[in-house]
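To start, the structure under review is shown below, and the notes come after it.
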Amino acid sequence: MTERTERTEQAEQVDVVVIGMGPGGEHIAGSLAETGLRVVGVEAELVGGECPYWGCVPSKMMIRAGNLLAEARRIPGLAGTSQVVPDWAPVAARIRDEATDDWDDRVAADRFTGKGGLLVRGRGRLAGPGRVTVDGPDGRRTFEAIRGVVVATGSRPQIPPVPGLADVPFWTNRDAIAAKEAPRSLLVLGGGSIGVELAQVYARFGTDVTIVEATDALVPMEEPEAGELLAGVLAAEGLTVRTGARAASVRYTDDAFTLALDGGGELTGDRLLVATGRRADLSDLGLETVGLDPQARSLRTDGLMHAGHALWAAGDVTGHGAFTHVAMYEADIVIRAVLGEPGPEADYRALPRVTFTDPEIGAVGLTERAAREQGLTVRTGLSRVPSSSRGWIHKAGNEGFVKLVEDAERGVLVGATTAGPMGGEVLYGLAVAVQAEVPVDRLRHMIYAYPTFHRGVEDALRALTEG
């Protein structure tokens with residue numbers, strides 16, 4: 001008997017093993033199980049992953065509540081008078097009872113097993129091609145996947161190496177989502193999407209909030225106009241925004257955090273939220289057993305999401321963006337690839353992203369800077385929401401803009417930003433234009449409904465002709 005035969009007999013044979021049951025992994029595992037394949041889903045925490053329990057869903061519940069407060073405060077001068085008394089209790093209760101079932105994944109787990117899948121709790125690790133070990137509460141189990149393995153283990157908060165930070169009880173997004181009370185004061189380290197979203201929410205519920213961002217602008221991955229817009233709006237709402245400020249050290253004494261800044265100065269707060277980005281952690285997945293680098297920042301994949309022979313990856317681990325919609329998009333490709341079904345390869349030219357602040361920042365494709373760095377001949381057009389008919393009508397809370405980025409040589413849009421009320425919804429038409437490479441000249445000759453926020457796209461297209 002060969003060593004290979006002995007190894008196979010010691011393992012449980014299945015068709016597919018999915019390591020990580022976040023949005024992408026759950027979709028892959030459940031869809032494949034529904035076809036009759038023997039599918040094992042491996043999850044160390046909660047089935048459904050970050051999004052429904054600590055990310056997209058509960059955070060948007062918080063944002064919805066904060067936006068209601070903001071709208072109520074805008075009534076004077078437009079519709080009468082108002083008195084607003086924030087109360088965090090119903091927000092925390094809704095997150096606990098409606099979004100997370102008190103962080104219980106029974107419904108999601110039953111959904112998967114009801115499709116015929118086998119859910120195994122524990123840490124999954126590659127142990128060679130097609131082979132996965134799972135260390136869980138009931139010991140170790142080993143699986144041999146005949147068709148292959150899918151890695152969909154998501155990402156985790158990236159904690160900067162600030163002296164003293166590892167020794168203090170700072171918050172991550174999970175703590176901010178699960179909080180039963182709004183703190184009196186909050187320091188937010190990081191001015192990206194997660195940081196500004198949570199900062200604005202808590203400020204609207206009465207928390208004294210200070211944002212500290214190391215770069216010169218908020219949401220630094222987006223257009224600079226977006227960062228300028230948010231900085232002005234947040235300051236007007238009473239938040240303190242410190243850009244170009246780096247943390248030098250952190251200490252925690254007498255139930256308070258003190259954040260020292262490079263160049264001098266200190267900030268204090270009752271809570272410290274670290275929101276400096278997320279990254280995949282590949283170090284303990286056993287990638288070396290299949291010839292891949294466990295120290296890499298992401299798993300490189302081809303157009304069909306192959307990371308190796310009979311090995312696929314989907315979601316944050318691929319490095320294409322820590323977004324649920326990316327995970328679901330890649331999951332569909334993996335499903336087709338495993339089943340041998342035809343379909344297009346992955347295409348990230350029109351990757352959309354939304355920062356759910358108020359104003360909402362929607363963006364798709366390349367920023368102006370990214371387009372220029374790719375060597376494109378760039379033209380831009382910009383219109384301001386308050387200058388549009390709908391923006392003028394909207395009045396209170398109408399801050400925003402539409403910015404278009406054109407590849408002038410091809411005459412097509414390669415990027416766009418829609419900031420303002422419902423900015424993420426306005427983005428949709430521009431995402432289609434970027435994805436389908438609709439000629440700018442054709443976009444100019446469309447009919448734009450009046451008076452809508454998306455009519456600002458027409459104004460931005462007109463600005464392109466002037467550029």
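Quantities reported herein were computed from a predicted structural model and do not represent experimental measurements.
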**OP:** Measure from the side-chain N and O atoms of E223 to the backbone N and O of E225, and report whether any donor-acceptor pair falls under 3.5 Å.
**Re:** no
**OP:** Scan residues 304-330 for pairs that pass salt bridge (charged side-chain N to carboxylate O under 4.0 Å, His left out), counting only residues two or more places apart or in two chains.
**Re:** none
**OP:** Compare all side-chain heavy atoms of L198 with those of I177 and state whether any distance is below 4.5 angstrom.
**Re:** yes
Original post:
What pairs meet the ring-ring contact (aromatic ring centres under 6.0 Å, His included) rule with one or both residues in residues 281-304, with sequence neighbours excluded?
Top reply: none
Original post:
How many angstroms lie between atom OG1 of T113 and atom CG of L118, to the nearest 0.5 angstrom?
Top reply: 9.0 Å
Subject >> Spacing of OG belonging to S59 relative to CG belonging to N173, to within rounding of 0.5 Å >> reply: 8.5 Å
Original post:
With a 4.5 Å limit on heavy-atom distance, are the side chains of I95 and T100 in contact?
Top reply: yes
Subject >> Atom pair OG1/NZ of T35 and K115 - distance to nearest 0.5 Å >> reply: 11.5 Å
Original post:
W88 vs F205 aromatic rings, parallel, tilted or perpendicular, using cut-offs 30° and 60°?
Top reply: perpendicular
Original post:
Residues two or more places apart in sequence or in another chain: which of them pass salt bridge (Lys or Arg N to Asp or Glu O under 4.0 Å) with R121?
Top reply: D105
Subject >> Pairs touching residues 18-44 that satisfy salt bridge (charged side-chain N to carboxylate O under 4.0 Å, His left out), sequence neighbours left out >> reply: D15-R38, E26-R111
Original post:
How many angstroms lie between CD1 in I333 and CD in E341, if you round to the nearest 0.5 Å?
Top reply: 13.0 Å
Original post:
How are the rings of W171 and Y202 set relative to one another: parallel (under 30°), tilted (30 to 60°) or perpendicular (over 60°)?
Top reply: tilted
Less than 3.5 Å apart, which donor and acceptor atoms pair up between the side chains of residues 63-71 and the rest of the protein, not counting sequence neighbours?
{"from": "N67", "atom 1": "OD1", "to": "R204", "atom 2": "NH1", "distance (Å)": "2.7"}
{"from": "E71", "atom 1": "OE2", "to": "R74", "atom 2": "NH1", "distance (Å)": "2.6"}

Original post:
So which pairs with a foot in residues 274-291 pass salt bridge (charged side-chain N to carboxylate O under 4.0 Å, His left out), sequence neighbours left out?
Top reply: E50-R278, R125-D284, R125-E288, R156-D281
Original post:
Going by the salt bridge (charged side-chain N to carboxylate O under 4.0 Å, His left out) test, which pairs reach into residues 184-194, not counting sequence neighbours?
Top reply: R184-D270
Original post:
Which ring-ring contact (aromatic ring centres under 6.0 Å, His included) pairs, counting each pair once, include a residue from residues 136-157, with sequence neighbours left out?
Top reply: none
Could you pull out all donor-acceptor pairs under 3.5 Å where a side-chain atom in residues 422-435 meets a protein atom, sequence neighbours excluded?
{"from": "Q435", "atom 1": "NE2", "to": "D347", "atom 2": "OD2", "distance (Å)": "3.2"}

Subject >> Qualifying residues under salt bridge (Lys or Arg N to Asp or Glu O under 4.0 Å), relative to R369, sequence neighbours excluded >> reply: E373
Original post:
ring-ring contact (aromatic ring centres under 6.0 Å, His included): which pairs involve residues 269-308, sequence neighbours left out?
Top reply: H306-W312
**OP:** Could you pull out all residues at least two apart from R390 that satisfy salt bridge (Lys or Arg N to Asp or Glu O under 4.0 Å)?
**Re:** none
